[in-house]
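For this chain, numbers begin at 1 and follow the sequence in order. Atoms within each ligand, like the ligands themselves, are counted from 1 in listed order.
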Amino acid sequence: MKVTLLGTGDAIGTPKIGCRCPACADALCGGRSRRLRFSILVENAGGKVLIDTSPDLRWQLIRTGISRVDGVIWTHAHYDHYAGFGDFHRVQNRVPVYGLQETMDYILNYLYFMRPKRNVVETGVPFDLAGMEFTLFEVNHPPICEAAGVLVRVGSKKLVVTGDTNLSIPEASLEMMRGADLLVADAITPPGYNLNKHMDSEEAVGLGRRLSAKEVVLTHISHLFPPHDVAIKRWPLGFDMMTMEL
Ligand SMILES: [Zn+2]
Ligand SMILES: [Zn+2]
Ligand SMILES: [Zn+2]
């Protein structure tokens, strides 16, 4: 399976509008601190699946040359994870979409002008899509009460995407996340910020170690990190269009 981080930014994206901090300055000059909002492409011979549909999805599809996907999985109903799905309007009809019940209700209400193929799934119950096995698991992302991470299996390979979450992930989910070949983890800031909804980079790396992940890549990264080329010396930050083969 091939994994592409289409967007590694937080809800604001980097550069943040109007900001001239070091990361935003690097982003404005075209450096790797430039980050679109959250989408991940997972593909194999059987097809292509998007995990979340960033508000920046249109540009993400244009630059990857993709005009069709086999399915979309939504982790939760935050704007930065679904709003770009509207860009499928008049591009691809009847896209199969997957998510938890309330997440689907919320997003499809927002996207009332579209008619994707709705598939409500439950946490802990695997489903097949494009030759890959997906399972959603519960994470913790207050104040919303329903947020999921995604486990993807192809053969013996295991990809885990935490989705947006703080460190208080339920034990049953931690069991499912254990031993990933690749853990793509939410890390919105470096340590030292008072976070409630997300992990910081030390927490995310520590989680990967505790769960014996073979490789950890951080995403959902804000402009509060130093510029990418500096930050990467301390933490395994992802960057837009980074690809990994499992
Ligand atoms: Zn988010
Ligand atoms: Zn900034
Ligand atoms: Zn969120």
Side-chain angles (χ1 to χ4, degrees), residues 5-41 50-57 60 72-86 99-100 102-107 110-111 123 136-150 160-170 173 183-190 192-201 203-204 207 217-232 237-240:
L5 304 182
L6 299 177
T8 55
D10 66 346
I12 296 167
T14 308
K16 178 182 176 182
I17 295 169
C19 186
R20 293 290 181 275
C21 77
C24 288
D26 177 51
L28 285 165
C29 296
R32 278 195 172 162
S33 305
R34 178 178 289 187
R35 300 182 191 281
L36 300 179
R37 272 77 57 83
F38 191 104
S39 306
I40 296 176
L41 175 68
L50 285 171
I51 299 178
D52 289 335
T53 54
S54 159
D56 299 312
L57 186 66
Q60 293 171 342
V72 164
I73 295 168
W74 284 311
T75 59
H76 68 297
H78 273 161
Y79 184 86
D80 55 317
H81 293 258
Y82 68 79
F85 190 77
L100 304 177
E102 284 174 29
T103 304
M104 295 291 269
D105 289 347
Y106 188 98
I107 294 174
Y110 176 85
L111 297 164
T123 52
L136 300 194
F137 55 85
E138 186 187 346
V139 292
N140 194 359
H141 187 46
I144 62 168
C145 38
E146 192 183 79
V150 186
V160 171
V161 177
T162 66
D164 285 13
T165 183
N166 63 27
L167 200 52
S168 302
I169 299 169
S173 301
L183 173 70
V184 179
D186 171 2
I188 197 167
T189 64
Y193 293 86
N194 193 10
L195 303 176
N196 174 36
K197 296 179 178 186
H198 297 275
M199 295 184 281
D200 68 36
S201 51
E203 290 175 327
L207 177 71
V217 173
L218 307 183
T219 190
H220 212 286
I221 294 157
S222 74
H223 70 131
L224 297 172
F225 278 93
H228 182 87
D229 293 343
V230 177
I232 194 72
L237 301 194
F239 54 88
D240 286 17

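- In this structure, the side chains of Asp52 and Val161 stay at 4.5 Å or more apart for every pair of heavy atoms.
- For the Zn ion (ligand 3), the neighbouring protein N/O/S atoms at less than 2.8 Å, given as residue and atom, are His76 NE2, His78 ND1, His141 NE2, Asp164 OD2.
- When side chains are defined from C-beta on, Thr162 counts as touching Met199, because their heavy atoms get closer than 4.5 Å.
- The atom name of the N/O/S atom in His220 closest to the Zn ion (ligand 1) is NE2.
- Listed by chain and number, the protein atoms of type N/O/S under 2.8 Å from the Zn ion (ligand 2) are Cys19 SG, Cys21 SG, Cys24 SG, His223 ND1; waters are omitted.
- At distances below 3.5 Å, at least one donor-acceptor pair connects side-chain atoms of Ser39 with backbone N or O atoms of Ser54.
- For the pairing with Thr75, the side-chain contact (heavy atoms from CB on, under 4.5 Å) check across Ile40, Ile51, Leu100 returns one residue only, Ile51.
- Note: His78 NE2 to Asp164 CG = 7.5 Å, rounded to the nearest 0.5 Å.
- Considering only residues two or more places apart in sequence or on other chains, Tyr110 meets the ring-ring contact (aromatic ring centres under 6.0 Å, His included) condition with Tyr82.
- If you check the side chains of Thr103 and Glu146, you find a donor sitting under 3.5 Å from an acceptor.
- Under the 30°/60° scheme for interplanar angles, the aromatic rings of Phe239 and His228 are found to stand perpendicular.
- Although no hydrogens or angles enter the test, the distance criterion places no donor-acceptor pair under 3.5 Å between the side chain of Asn140 and the main chain of Asn166.
- Note on residues 9-31: no pairs pass salt bridge (Lys or Arg N to Asp or Glu O under 4.0 Å), not counting sequence neighbours.
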